[in-house]
Amino acid sequence: MAQSPAMNVMRAAVEKAGRALRRDFGEVENLQVSKKGPGDFVSQADLKAEKILFEELSEARPGYGFLMEERGVIEGADATHRWIIDPLDGTTNFLHGIPHFAISVALEREGTLVAGVIYNPITDELFFAERGQGAYGPSGRLRVAARDRLSEAIISSGMPYKESGKRPEWQDKIIALSNDVGDIRTFGSAALDLAFVAAGRVDGYLETGLGAWDLAAGIVLVREAGGLVSDHTNRQRMLDEGNIVAGNETVHGDLLKKL
Ligand code: 2AM
Ligand code: CA
């Protein structure tokens, strides 16, 4: 498989940040039983991972801009390139000692998403894709699932945080949808949900109330695995709207009709 220098940089950065998260995850398991709980510790782990990614990527590509979950926007001297980073996607899982979370890093060039990497440091599963080059996972080339009957499809989703106030309306949609699909999963990491769509492990994914950093890398993966991705009105405004539908052509279309 052809791999660009940019992809090498991204992989090295997520692997380094992944080592830090892996160490901290071991510690979280001990903190579960303490009265204070692991909350503050997890925020520190999150910030530490983001710092590593920021430093590694800044050093390798001076001048590129950043959009990060914790530090926000950092303008670069090079206005044509931007990293979009979630240092710890699946924070709630991490906090509870559930080994399903990931680092997500995407590269945008002139407003187009051109590369994405999603890495679960606990399972050591790395998913990556570059525009026009295909998507790859732990066992090689990725393809979205071919299953084209919604009634048999496994669909993943998630619940917006309670504080967002978006939960009741979304719950109604998901409950209605549950009658039309094979089954529904809520795994708790948007980035891994998209990687799983790319890998054909789930047939589709839909969610609302997300940040650009939750979605950017996964969008590249699903597209390069032959899937379709859109926002809830079938436009390409996922990063701005914070909502998404993904799947193969049939599942994507059928899910859109249900929204
Ligand atoms: P996080 O772990 O980085 O917060 C859980 O459904 C998934 O949605 C996770 O990927 C979580 O990312 C993400 N998420 C981000 N913002 C969210 C929000 N406002 N409500 C619910 N989930 C959110
Ligand atoms: Ca996230």
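Sequence positions, counted from 1, serve as the residue numbers for this chain. Counting starts at 1 for both ligands and their atoms, in listed order.
- Within a 6.0 Å radius of CD in Glu152, more than 12 heavy atoms belonging to other residues, nucleotides or ligands are found.
- Note on Arg22 versus Asp24: no salt bridge recorded, every NZ/NE/NH1/NH2 to OD/OE distance being 4.0 Å or above.
- Judged purely by distance below 3.5 Å, without hydrogens or angles, the side chains of Thr233 and Arg235 pair a donor atom with an acceptor atom.
- Of the N or O atoms in Asp89, one or more lie within a sub-3.5 Å distance of an N or O in ligand 1.
- Minimum-distance N/O/S atom of Asp89 relative to the Ca ion (ligand 2): OD1.
- Linking ILVMFWY residues whenever their side-chain heavy atoms come closer than 4.5 Å, directly or via other members, leaves Met159 and Leu192 in distinct clusters.
- Ring geometry for His81 against Tyr64 counts as parallel: the plane angle stays under 30°, on a 0 to 90° scale with 60° as the upper cut.
- Contact annotation: Glu163 has no heavy atom less than 4.0 Å from any atom of ligand 1.
- Judged by the shortest distance from any of its heavy atoms, Gly90 lies inside the 4.0 Å radius around the atoms of ligand 1.
- Nearest protein neighbour of atom 8 (O) of ligand 1, counting heavy atoms only, is Leu210 CD2, 3.3 Å.
- Within Asp86, the N, O or S atom at minimum distance from the Ca ion (ligand 2) carries the name OD2.
- Taking a cutoff of 4.0 Å between a charged side-chain nitrogen and a carboxylate oxygen, Glu55 and Arg71 do not qualify as a salt bridge.
- Distance check, rounded to the nearest 0.5 Å: CG of Leu255 to CG of Asp180 gives 9.5 Å.
- For atom 15 (C) of ligand 1, the nearest protein heavy atom (residue, atom name, distance) is Asp214 OD2, 3.2 Å.
- Close approach of ligand 1 to Thr91 is summarised as follows: ligand atoms under 4.0 Å from at least one heavy atom of the residue are 1 (P), 2 (O), 3 (O), 4 (O).
- Residue-ligand proximity: Met159 is placed with a non-hydrogen atom under 4.0 Å from ligand 1.
- Scanning the protein for heavy atoms near atom 6 (O) of ligand 1, the closest one is Glu207 OE2, 3.0 Å.
- For ligand 1 and Pro160, the ligand atoms under 4.0 Å from any heavy atom of the residue are 20 (N), 21 (C).
- Surrounding CZ of Arg131 are at most 12 heavy atoms belonging to other residues, nucleotides or ligands under 6.0 Å away.
- Judged by a 6.0 Å distance limit and a 45° cone about the ring axis, Arg82 is not positioned over the six-membered ring of Phe66.
- Closest to the Ca ion (ligand 2) among the N, O or S atoms of Asp214 is OD1.
- The Leu88 neighbourhood of ligand 1 comprises atoms 3 (O), with distances under 4.0 Å to a heavy atom of that residue.
- When the options Gly218, Ala190, Gly209 are ranked by their closest heavy atom to atom 7 (C) of ligand 1, first place goes to Ala190.
- Taking the six-membered ring wherever Trp is involved, the centroid distance between the rings of Phe187 and Phe196 falls below 6.0 Å.
- Nearest protein heavy-atom contact of atom 5 (C) of ligand 1 is Gly188 O, 3.7 Å.
- Looking at Phe101, Phe94, Tyr161, Trp213 and measuring to atom 23 (C) of ligand 1, the nearest heavy atom belongs to Tyr161.
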